[in-house]
Each structure stands twice: as structure tokens, then as C-alpha cells.
> 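One structure coming up, written as C-alpha cells, with questions to follow.
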Amino acid sequence: MFQKILIANRGEIACRVAATARRLGIQTVAVYSDADANAKHVLACDEAVHIGASAPQDSYLRWECILQAAQDTGAQAVHPGYGFLSENEDFAKACAAAGLVFIGPSPSAIQAMGLKAESKQLMEKAGVPLVPGYHGADQDPALLQREADRIGYPVLIKASAGGGGKGMRAVEKAADFAEALASCKREATHSFGSDAVLIEKYVQRPRHIEIQVFGDTHGHCVYLFERDCSVQRRHQKVLEEAPAPGMTEALRAQMGAAAVAAAQAVNYVGAGTVEFIVEQASYDQPEAMKFFFMEMNTRLQVEHPVTEAITGLDLVEWQLRVASGEPLPLRQDQLRIQGHAIEARICAENPDNNFLPATGTLQVYRKPACTSFAVAAGAVRVDDGVREGDTISPYYDSMVAKLIVHGDTRAQALARLDAALAQTHIVGLATNVQFLRQVVRSPSFANAQLDTALIPREAAVLFHQEPVGAVRALAAVVAHTLHAERGLAGTDPFSQRDGWQAYGVRSRAFTCALGEQTHHAQLSYLHDGGLHLRVSPASASPATNAPSDADVSGLLQFSAQGEAGQAAEAGLWVSFHGQRTHSVLHWQGDVAHVFAPEGATSITWSDPLAHAGEVEVKGGRLTAPMPGKVVSFAVKVGDVVKAGQTLAVMEAMKMEHTIAAPQDGTVQELLYAAGDQVAEGAELLKLD
Ligand code: ADP
Ligand code: ADP
Ligand code: MG
């Protein structure tokens, strides 16, 4: 076994590999870019080497630098993780030339599986079933059109060198083919440097089911069962589970044998995944499912933890053992499936805005209680590469964490996933956590009616949901505010902010905004020490605060203690209007983020009392709303500007953002130049 390895990756997968290495007593070397100088994966390793600037092509893809780092630190092997250099046969060759073990398959196996069209020709010879299609070398557009007509519509055009859900076009009818082909070729040239395409029949009601395989240098190859990754957005995986719902023993054995045949056709060594597209006549006829080879990924897959959860194995340990020359730890007949596991990918993105990726700082990042790293039954596991306070930058992908749960049955795993998602609190950037909860609870997913169109099919229940009602969220914020005030006041009777006054009933008004709507609340301090709350209905404009028939009112009670048996965790139990719910609150300026078991919501709050006397002078500070690049300044020092006038343009995640003047003034100083990278909150210019 190796004494020291270098991990040529970042984020959660670098942390994941480091954890197993540590357990096996193997030293680890991290590499990092400028943006990752302080990253979690750097601290997870024993040593770390800086390899360049933040953009991947200046650091994580510079393999000469990475090999130099391995040699300088005396590492014997390189683990590439996924993405970056993991499927680059030149890198695998360069490792060998430098006397380092590449923890993965041979360069020739990577190359053979690297191109979708070539790998399909190879699979055809090995007797692996293929989707009816065309994957020839002749790329004459007229020929491609004839092939598409022959296959029959709908068809899918795929970039031969494509990956990551990019470079695919579905074509419904012959008349649309030429235009889709041209657009696919443009994207392919741009993203993959080659415009070669292949054409496939677009499988109806398709499920994505993949088989985990493992080969060693002694000629053994086994399959570690399947994962169902049908729940996708934009052809990218969102939820992954194992075993696949409805899978029969016979189909599993057939798919496993086909995957092993695929791997053996290229003398595969290490962890790999054979992806199949599965056609189903209906959701409840597993015996009628037909599977076809799509591609083989010659690396560890993002969703490998679900396989670990159902087999009780550590796949990174297997990778290290196999790479150091040991035989596979188990034979096929020793492998067993236990229970059911699901992984959810938590991403910084806005599902309600076409999954637009988001950047920002993880101001609050609370995870569910985890059952250690071990992949034992009943576990909740979080794999991540970030900590509270870290930034999700525009340089890398938007995945924040992977949440993996295991249960005896699918229903139990589902319930655990929903509960674990409810305990995942992220403030500071948009995430898909609430969206994932909606998917998990959607009828299609709950009833395992899976296919790759599940998300569009369930759109009505998945998007634009407000899981916590306004009245309940408001009551929670009022209760949390009062609770915090009591904590501050201590026991001194003259410091109590309990609204005591000698005459009449003291009351307090709150105004808040939930989405587009404004709500009013009136809190009265009763003489018996009780609290009475009246919540007025939503109004688009904050006009009056007069009582109306539509008001919801009643006594407000809250307690930091649960009933006997309930765990005393952070948060409050709030009773109002016949309902008692637990909630946790995180403040971000004037915005209260309410996390309740049914979901999370954000309210912009204004409590006149809280801010009385605190006149906030913001001055002329103009700060970057997100990390990104300054594209240009529209002003120079000495310019007199009007409120609303454009001062600068920033770019982040391929989008431009305009920074406008909040007030009239004179530009005093520009603190950056066009082209500079800036962190979130960095002061861009001074306005007098
Ligand atoms: P997988 O097929 O392993 O589940 P995805 O389909 O989500 O992974 O990823 C698509 C592609 O994007 C992969 O081929 C991988 O190369 C790349 N990728 C995914 N995550 C990362 C990452 N964190 N860093 C770099 N590349 C990544
Ligand atoms: P990538 O390299 O981007 O992972 P794949 O070829 O693996 O590309 O396909 C990604 C996804 O596209 C699949 O999971 C599936 O949802 C969809 N897909 C691919 N081929 C077909 C097909 N022939 N019919 C229907 N859907 C398909
Ligand atoms: Mg794929």
C-alpha cells in the first residue's frame, strides 16, 4: 500500500478521498488554487501545495504543476477525483512517465471510453446492447439527416466528445433536424473542441440506471449493483438511489453481466460506471424494461456513496487497494445489497429561475446530525468541501454538499431524507434544498414512478412553493424576537422589554414583507403577562393597519423547551392560532430566515422599536454584491453622479450585473480596475 498520495482535485471529493486515506494511515498531499488557499480540502490533508490562480485552467488542470508537486512531496500515487483530469488519458500517461501511479484505469481504457461514438462501436463488438442509432465517422449533414429519418423520431443528437449534460439536442420531427444539428455542432465545437456528433433514438419514458463496476490488475471484475439516477434537470442528476425501484433479480444480473463485459472489453482496472438508458413500457412492469448502453465513466462517480451505503463498502479504499496492486477485496458472490440509499445534491442555484447557479457566502450552514463517516445502515451522511463562512465562488461547480441517507426500505430512506433536508439550513445564497424536499414528497417520486421527465412532469408542485404560511412564519419571527429580547434583558426588572406600563395595554406594531406582499402584525402585552397577536392579511401596498374581519388573532406562546421526550435543540416551539410548531431562525440584516419542519421561508422585517435611535449611516460605501470580475467602471474620480446612475459593471458566473449609485454624489476614489477579480462585499469605489 502507498505511504503518501497526492489528491489532484478540490471540494468534497478531495475531502472524501483524504478521509479514507487517513483511516488507512496513508499521508495526503492537497493541491490548491488562489481561491482555495483556505479551503476545507487543504486542511483535510497533511500537506498542501499551491498550484496557481483560481480558474481551473490555471491550477487544477495544469498537470505539469501537479506532477511537480507530487514529486516534490514524495507522493507515490495521484488520485484524480472526478471532473478535472480524471478522464484525461494524457495525464494518466504523464503520471506513469513520472513514476507515479495514476489511481484509475489505464490510459488506453480511458481513451477507448472517452468518445461516445467510438466506445459504442467497441461495445457493439462486445455484445452490449446499444440504443438504435448512428455513430459512424462520416459526418455529412445529408447523411446524418437520412440516418435520423431511418432511426425514426424523436431522436437525440449528442456531441461525441460531450459530457456533463452538455451538447445534446432532442429533435421531434424531420423538419427540425438541420437546425438542431447546426446548433449542437456549435455548442460541441465551443465546449469540447470537436463538432462530431452521433444520433440516437430518443428512448420513451427513459430511466437512467447505471452499474458500478470494479476491476483489478489480476483480471477480476465485479459489479456493485445499480444506481437509479433518473431524477434530472437539464440532463444532470439531482437525486440518485440504490437499488433501482422495481429492479428484478434477473434484470440486475443481465445488466451487471453487460457492464462487466463492457469493462472487460477494455481490460478495466479500478472504479468505473457503465451508464444505461432503460426503456419502460409503463411504471409498473419491470419485466418489460429494456436497457441500452449510453457511456462508461472511467472514474469514481459523484453518487458513489449510495453504493457504499447499500454494500457497506468504502469504494475509495477499493480504489487504493487495486491501484497498489492488491486483488479485489471481495468476489461477486460475496457482495450483498442491504436496505435502500438515496443521495441528494445540494447546489447553490435558483430552481425557480431555471436553476440559475448562485454564488455567495455560506453565512449560515447547518447540517443534519450525521452518523459518522462510516457507511453503516441507518446513516445520514454529508459529504462536503465547505464550512460555514466559506464562499461558493464562480470558478467551480455549484455543488455545496451531498446528503446521503440509508434506510431498511425506500419509504424509510425517503422519510429520513426529508427530515435531513429540513435540518439543512443555508443562508447567504440561493440553494435547491426546499426544491429537493418538494421532489422527495412529490407523488411521482414517492411512488417511484421514475423517468428523466419527472421534474417537468411535477412542475406544478415543485416550483414557486411557499411551504410555510405567512401567518405562521410571522408568529415565529415575533416569538423569536421576544425570546431574544428577554435573553438580553436578564433579570433586572428595569431592563425588561416586556411592555409593562402603568396605564392601558402596551402594543407594538410590526411590518414585514413576504415575497411581494406586505403584512402587518400587532402585538399586545396583556396585564396577566400574556401576549396577544393580530396578523393582518397580505396587502400589495402597506396602506392601513386597521383591524379587519380577515385578521388572524389569538394568544402567542413560545418556549425553548420541547415536551418531555423532545430533544432540546436550538430553536423555539411557538403556539399561535391552534398550531404549535418548532422553528429555528437565522437573521441576515433585516431578513429573518425561518426554518420549520414543513419548510423554510424568508421574511423582510421592520420592527420600529428595534431600530429606534439606531440611525444607520451607510456613507458612500459601494460594495460588490457577489464575488466576480469588474468588467468596467462607467465613472472616473471627480465625476458628479445622480442616484440610479450606472457606476460599474461586474460579471459573475457568465452574467453581467450593474452597480448603480444609491444617492447623488461625487466619485472620490476607484478601488479596483477593470479586469480585477473581487470578493463579495469588497468596496469597489468611494462616493462622497
Ligand atoms: P457523475 O456522472 O459522476 O454523477 P455529473 O454527471 O454530475 O457527475 O457530472 C458531469 C460531469 O461534470 C462529470 O463528467 C464531471 O467530469 C464533471 N464534474 C462534476 N462535478 C465536478 C466538480 N466538482 N469539479 C469538476 N468537475 C466536475
Ligand atoms: P453525459 O455525458 O452528459 O452524462 P449521457 O450520454 O450520459 O451524457 O446522457 C445524459 C442523460 O441524457 C441521460 O442520463 C438521459 O437522461 C439522457 N439521455 C441520453 N441518451 C438518451 C436517449 N437515447 N434517450 C433518452 N434520453 C437520453
Ligand atoms: Mg452520462
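Because only heavy atoms are used, hydrogens play no part in the values below, and waters and symmetry mates are left out as well, while side chains stay in. Remember, it's 1-based here, ligands and their atoms both numbered in the order they're listed.
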> Please confirm whether Lys201 approaches ligand 2 to less than 4.0 Å, judged on its heavy atoms.
yes
> So, applying side-chain hydrogen bond (donor to acceptor under 3.5 Å, both in side chains) with Thr273, which one of Arg299, Glu303, Arg227 is it?
Arg227
> Do any N or O atoms from the side chain of Thr391 and from the backbone of Ser393 form a donor-acceptor pair under 3.5 angstrom?
no
> Taking atom types as modelled, is there a side-chain donor on Asp451 or Tyr283 under 3.5 Å from an acceptor on the other?
yes
> Taking the Mg ion (ligand 3) as the vertex, how big is the angle to OE2 in Glu295 and OE1 in Glu275, rounded to 10°?
90°
> Around atom NZ of Lys93, are there more than 12 heavy atoms from other residues, nucleotides or ligands closer than 6.0 Å?
yes
> Looking at non-hydrogen atoms alone, which of Arg234, Met296, Glu295, Met294 comes nearest to atom 7 (O) of ligand 2?
Glu295
> Going by the atom numbers of ligand 2, which of them fall below 4.0 Å from some non-hydrogen atom of Gln232?
11 (C), 13 (C), 14 (O), 15 (C), 16 (O)
> May I ask you to check whether Thr452 has an N/O atom sitting below 3.5 Å from an N/O atom of ligand 2?
no
> Is Glu12 salt-bridged to Lys402, cutoff N-O under 4.0 Å?
yes
> Are any side-chain N or O atoms of Glu349 and backbone N or O atoms of Asn354, one a donor and one an acceptor, separated by less than 3.5 Å?
no
> Looking at ligand 2, does any of its N/O atoms fall within less than 3.5 Å of an N/O of Val131?
no
> Using a strict cut-off of 4.0 Å, indicate which atoms of ligand 2 neighbour a heavy atom of Met168.
8 (O), 9 (O), 10 (C), 12 (O)
> Should you measure from each heavy atom of Lys158, which atoms of ligand 2 turn up under 4.0 Å away?
6 (O), 19 (C), 20 (N)
> By number and element, which atoms of ligand 2 are closer than 4.0 Å to a non-hydrogen atom of His208?
13 (C), 14 (O)
> What do we get for Lys237 next to ligand 2 when only non-hydrogen atoms under 4.0 Å count, side chain, backbone, both or neither?
neither
> Need the ligand 2 atom indices (1-based, order shown) with element for anything under 4.0 Å from a heavy-atom of Lys116.
1 (P), 2 (O), 5 (P), 6 (O), 8 (O)
> Here's a test for you: under side-chain contact (heavy atoms from CB on, under 4.5 Å), which of Val222, Asp216, Leu300 qualifies with Trp318?
Val222
> If the cut-off is 4.0 Å to any non-hydrogen atom of Leu156, which atoms of ligand 2 fall inside it?
18 (N), 19 (C), 20 (N), 21 (C), 22 (C), 27 (C)
> Would a distance-only check, ignoring hydrogens and angles, find a side-chain to backbone donor-acceptor pair under 3.5 Å from Ser230 to His208?
yes
> Does an N or O from Tyr202, backbone or side chain, lie closer than 3.5 Å to an N or O of ligand 2?
no
> Could you see which bit of Ile277 sits under 4.0 Å from ligand 2, with heavy atoms only: side chain, backbone, both or neither?
side chain
> Answer yes or no: is there a donor N or O on one side and an acceptor on the other, between the side chain of Glu226 and the main chain of Glu210, under 3.5 Å?
no
